[in-house]
Amino acid sequence: MTTIALISGANKGIGFATAQLLAGRGMTVLLGARDADRGQRAAQALREAGGQARFVLLDVTDEKTVRQAAEWIDAEYGRLDVLVNNAGIARGDGTGRPSETTAGPLREVFETNVFGVVVVTNAMLPLLRRAPGARIVNVSSEVGSITSMTDPGSPLYPMASVPYPASKAALNMITAMYAKELKGTPVKVNAANPGYCATDLNGHRGFRTPEQGARVVAQLATLPAGGPDGVLWGHLWTASGPDGDGVLPW
Ligand code: NAP
C-alpha cells in the first residue's frame, strides 16, 4: 500500500525539499500550493525525477480550498498517511521590536502559521484517522521556544520580534494539544525544528540547506510506532555551532 503524504506550501523551500525526500522513499506526495502554476511546476519536477507527485490547490488561509483538497484526497485515496503543515510566512514592522508591532503583520502571520494549521489539520483528520499509523508534522522553529528565546546564553536571545516567534510558540502549543487529544490512537503529532535554512523566507541568510531542514521533517513523518509524540524535535543550535538533532525545550 503506497503511503500518501500531503505537504502544504510544497512548491519551494523546505516544503519542496521534504516532498523530494518523501517521494524518494516511495510515497505518493500531494504537493499543496496556493498558486496553481507554481504547484504544477513543482509536481512536474518531482515526476521528472521519478517520484509519484500530484499538485493539489491549497491556500491554508482559504477554507474553501482546504475543504476541496480534503474532498479530493478522500475521493482519490480514501485516507491520508502523512500531513506536513509546512506553509509559513514571516512579517514584521520597523525594527521588529515588540513596541513597534502593529496588528496587520501579526494578523497576517497568525492567519497562515497558526489558524491555517488548525483549519488544515481538522479538515484532514478524518482521513488521517483512516490510515494505519498517521503522522502529523507541524513545521515550527526554535524561535517558538520560549525557553530558548529567553535564555541569555542562546544565540536566539538577541531576537525580539513578535509576529513570527509568537506564531511558532502558538504552533508548539497546538502541536502539544493535538498530541494530547490523539494519545492512544495510532496518530502521532510532532513539531519540527528544521534549523536556520537558506530560503526565500529569510532572504537566503540561513546557514543550513532546505534539504538539511527537510531531513528533520521527513524523520518525524516516518516515525515508527514507538517513536516520540507531542515534542518539538530537530536541529539543536548551540553558541558553538551546529549540534545535531534532538528534543528542544518548549
Ligand atoms: P519559503 O521558501 O518561503 O516557503 C514557504 C512556502 O509556504 C511557499 O511554498 C509558500 O508559497 C507557502 N505559503 C505561504 N503562505 C501560504 C498559504 N497561505 N497557503 C499555502 N501555502 C503558503 O520558506 P521556508 O523557509 O521553506 O518555510 C517553510 C516552513 O519552514 C515555514 O513554516 C517556516 O516558518 C518554517 N521554518 C523555516 C526556517 C528557515 O530557516 N527557513 C526555520 C524554521 C522554520 P508561495 O510560493 O505561493 O509563496
Side-chain angles (χ1 to χ4, degrees), residues 6-21 29-43 45-46 55-66 68-69 83-92 105 107-121 123 137-145 148-149 155-156 159 161 163-172 174-175 191-218 220-221 232-237 242 245 248:
L6 172 67
I7 305 167
S8 67
N11 54 288
K12 67 177 182 181
I14 295 167
F16 182 68
T18 301
Q20 286 178 305
L21 284 183
V29 179
L30 310 177
L31 287 100
R34 60 178 164 176
D35 178 271
D37 280 350
R38 292 197 286 272
Q40 294 280 17
R41 264 188 271 124
L46 269 192
F55 156 70
V56 55
L57 185 69
L58 183 65
D59 181 334
V60 303
T61 65
D62 177 350
E63 295 202 33
K64 189 172 162 209
T65 69
V66 176
Q68 286 173 343
L83 169 64
V84 179
N85 286 307
N86 166 79
I89 58 168
R91 301 279 185 273
R107 279 203 189 96
E108 200 186 343
V109 169
F110 268 68
E111 280 292 344
T112 302
N113 297 9
V114 181
F115 308 155
V117 172
V118 174
V119 168
V120 171
T121 302
V137 185
N138 294 329
V139 183
S140 186
S141 171
E142 188 172 0
V143 307
S145 163
S148 293
M149 293 290 274
L156 297 174
M159 190 175 174
S161 95
Y164 185 76
S167 76
K168 295 302 187 184
L171 181 58
N172 289 346
I174 286 165
T175 304
N193 175 38
Y196 194 30
C197 304
T199 66
D200 287 348
L201 187 99
N202 51 39
H204 294 262
R205 285 187 297 272
F207 53 75
R208 279 159 63 84
T209 64
E211 292 69 29
Q212 285 175 305
R215 263 183 243 144
V216 170
V217 182
L220 292 176
L232 171 61
W233 186 88
H235 182 244
L236 299 174
W237 185 14
D245 291 333
L248 288 100

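Quick note: numbers below take in every heavy atom, side chains included, and nothing from hydrogens, waters or symmetry partners. As the structure is a prediction and not an experimental result, all values here were calculated from the model. In each ligand, atom 1 is the first atom listed, and ligand 1 is the first ligand listed.
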* Measure from the side-chain N and O atoms of Arg91 to the backbone N and O of Glu108, and report whether any donor-acceptor pair falls under 3.5 Å. => no
* Asked: Lys168 side chain to Val139 main-chain N or O, any donor-acceptor pair under 3.5 Å?
  -> yes
List the atom pairs, donor and acceptor, that lie under 3.5 Å between side-chain atoms in residues 8-19 and the rest of the protein, sequence neighbours left out.
from	atom 1	to	atom 2	distance (Å)
Ser8	OG	Asn86	N	2.9
Ser8	OG	Ala87	N	2.9
Lys12	NZ	Asp200	OD2	2.9
Thr18	OG1	Ile14	O	2.7

* Structure fact -> Rounded to the nearest 0.5 angstrom, the OG-CG distance for Ser140 and Leu171 is 4.5 Å
* Asked: Applying a heavy-atom distance cut-off of 4.0 Å, which protein residues contact ligand 1?
  -> Gly9, Asn11, Lys12, Gly13, Ile14, Arg34, Arg38, Leu58, Asp59, Val60, Thr61, Asn86, Ala87, Gly88, Ile89, Thr112, Val139, Ser140, Ser141, Tyr164, Lys168, Pro194, Gly195, Tyr196, Cys197, Thr199, Asp200, Leu201, Asn202
Please list every donor-acceptor pair under 3.5 Å in which a side-chain atom of residues 29-38 meets a protein atom from a residue at least two apart or in another chain.
from	atom 1	to	atom 2	distance (Å)
Asp35	OD1	Asp37	N	3.2
Asp35	OD1	Arg38	N	2.8

* Could I get the full list of side chain to side chain contact (heavy atoms under 4.5 Å, CB included) partners for Leu248, not counting sequence neighbours? => Glu142, Asn193, Leu232, Leu236
